[in-house]
Amino acid sequence: MSFYPPRRTLMGPGPSDVYPRVSEALSRPTIGHLDPEFIRLMDEIKGLLQYAFQTDNALTLPVSAPGSAGMETCFVNLFEPGDQVIVLQNGVFGGRMQENVTRLGGQAIVAKTPWGRAVDLEQAESTIKQHPEAKAVAFVHAETSTGAMSDATALCNMASSAGMLSIVDTVTGLGGIEVAVDKWGADAVYSGTQKCLSCVPGLSPVTFSPRSQKVISSRNTPVQSWFLDLNLVMAYWGEGTQRAYHHTAPVNALYALHEALTMLKEEGLQASWQRHSDNHQALKAGLNAMGLELIVPAESRLPQLNAVAVPESVDEARVRQQLLAEFNLEIGAGLGELAGRVWRIGLMGCSSNPTNVRTCLAALEHCLLSQGVKLEAGAAVAAASAHYGH
Ligand SMILES: *Cc1c(COP(=O)(O)O)cnc(C)c1O
């Protein structure tokens, strides 16, 4: 029997709702991964990714696997056994960076900032000073597990001033907030397609600076992952019209990515960031009107990922189940040490719009009322509408 998924509104930590134009692109006829027309598409995708990342890096491509593979691509290509890597950790994904370093035989020097906060800059500075022999500094720009945004400009600067590479996770950042790879001076940056790009899951855009490209091409040991070895991948994704088979590219998923990036370019980066910011402000106004608070301090909040403290008396999981069952609305649970303590409301890409904000507020209000929470019915949507001015 065929599988027909229910129609949900996706307001969790990803995937976000996929643009209809993107789904339509996905269903176009499959062609060969070495077809000249497909190679033309690959070159266009590279150009569009350079636009989205704001970089001139030649080594910019979508890895044929999800964000986690983009993360792994950065770590396995840049480091060899014995290398020291400073990992500035403020949530779940920084923990995975540490795991990547350890598994490839490197040594992770971990500096932790409390969850829900931006990476502590003073602590980063002192950790870098204490470990001058470290090869790189890695951090998460947009920590989806907590909703905190870290200062990529300052952190990449610190790394390059110390002669270290910088590795930046902006899986949730790209398209939703400013990502400026060249301005940051970042050396290796990875993202995902199912968050603020509103494309289907399963691809990971990455970009590498000329400096990191040199590190990759002059390794002493081969990259231990055959599939993710960029020295091999570039025979397929590199320059020119002669491309060699490495793996079969996910042809249709790349049509979808091309469409999503084209839409981002049509809207414009600034306009997209502004839209994410506006809808976040409206959501926040509505949540506050219900007596709910975001856990991240205002100056480092991600507009696309809102971590909301669950009130004492409320059954966190039951609210999510009710939202799904009665409203077809998905929001996220807390991860790691925030499990059971927060809801994570995503306003990513296509999902970041006034209708979703109002729907989510009204639905959440309904669920809280049904659990006996005292609140003024209608106040949340009214507060969001006041923010929009209509
Ligand atoms: C979602 C996410 C990832 C992992 O991406 P997948 O596509 O799920 O593999 C990595 N880092 C951050 C910050 C994320 O939000």
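Heavy-atom basis, side chains included; hydrogens, waters and symmetry copies ignored. All ligand and atom numbering here is 1-based and tracks the order in the structure. FYI, the numbering just counts along the sequence from 1.
With a heavy-atom cut-off of 4.0 Å, A142 touches ligand 1 through its backbone alone.
Atom CG in L261 sits 11.0 Å away from atom CD in E266 (nearest 0.5 Å). Rounding to the nearest 0.5 Å gives a distance of 4.5 Å between CG of L155 and CZ of F139. The CD1 atom of I345 sits 5.0 Å away from atom CG of L287, with the distance rounded to the nearest 0.5 Å. Between the SG atom of C360 and the CH2 atom of W343 there is a distance of 10.0 Å, given to the nearest 0.5 Å.
Ligand 1 lies less than 4.0 angstrom from a heavy atom belonging to Q194. For E143, the heavy-atom gap to ligand 1 stays at 4.0 angstrom or more.
Using bins of under 30°, 30° to 60° and over 60° for the plane-to-plane angle, the ring pair H246/W226 lands in the parallel bin.
The atoms of ligand 1 that sit less than 4.0 Å from any heavy atom of T144 are 12 (C), 13 (C), 14 (C), 15 (O). Interface atoms of ligand 1 facing D169, defined by a heavy-atom separation under 4.0 Å, are 10 (C), 11 (N), 12 (C), 13 (C). Here is the list of ligand 1 atoms found below 4.0 Å of a heavy atom in G67: 5 (O), 6 (P), 7 (O), 9 (O). Heavy-atom contacts of T172 reach the following atoms of ligand 1: 15 (O) (cutoff under 4.0 Å).
Other residues, nucleotides and ligands contribute at most 12 non-hydrogen atoms within 6.0 Å of the CD atom of Q242.
Closest to atom 9 (O) of ligand 1, if we only count protein heavy atoms, is S68 OG, 2.5 Å. K195 NZ, 2.7 Å is the protein heavy atom nearest to atom 2 (C) of ligand 1. Here the protein heavy atom with the shortest distance to atom 10 (C) of ligand 1 is F93 CD2, 3.3 Å.
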May I have the step-by-step check of salt bridge (Lys or Arg N to Asp or Glu O under 4.0 Å) for K183 and E178, ending in yes or no?
-> CA-CA 11 Å; K183 203 169 82 189; E178 183 179 30; 2.9 Å; yes
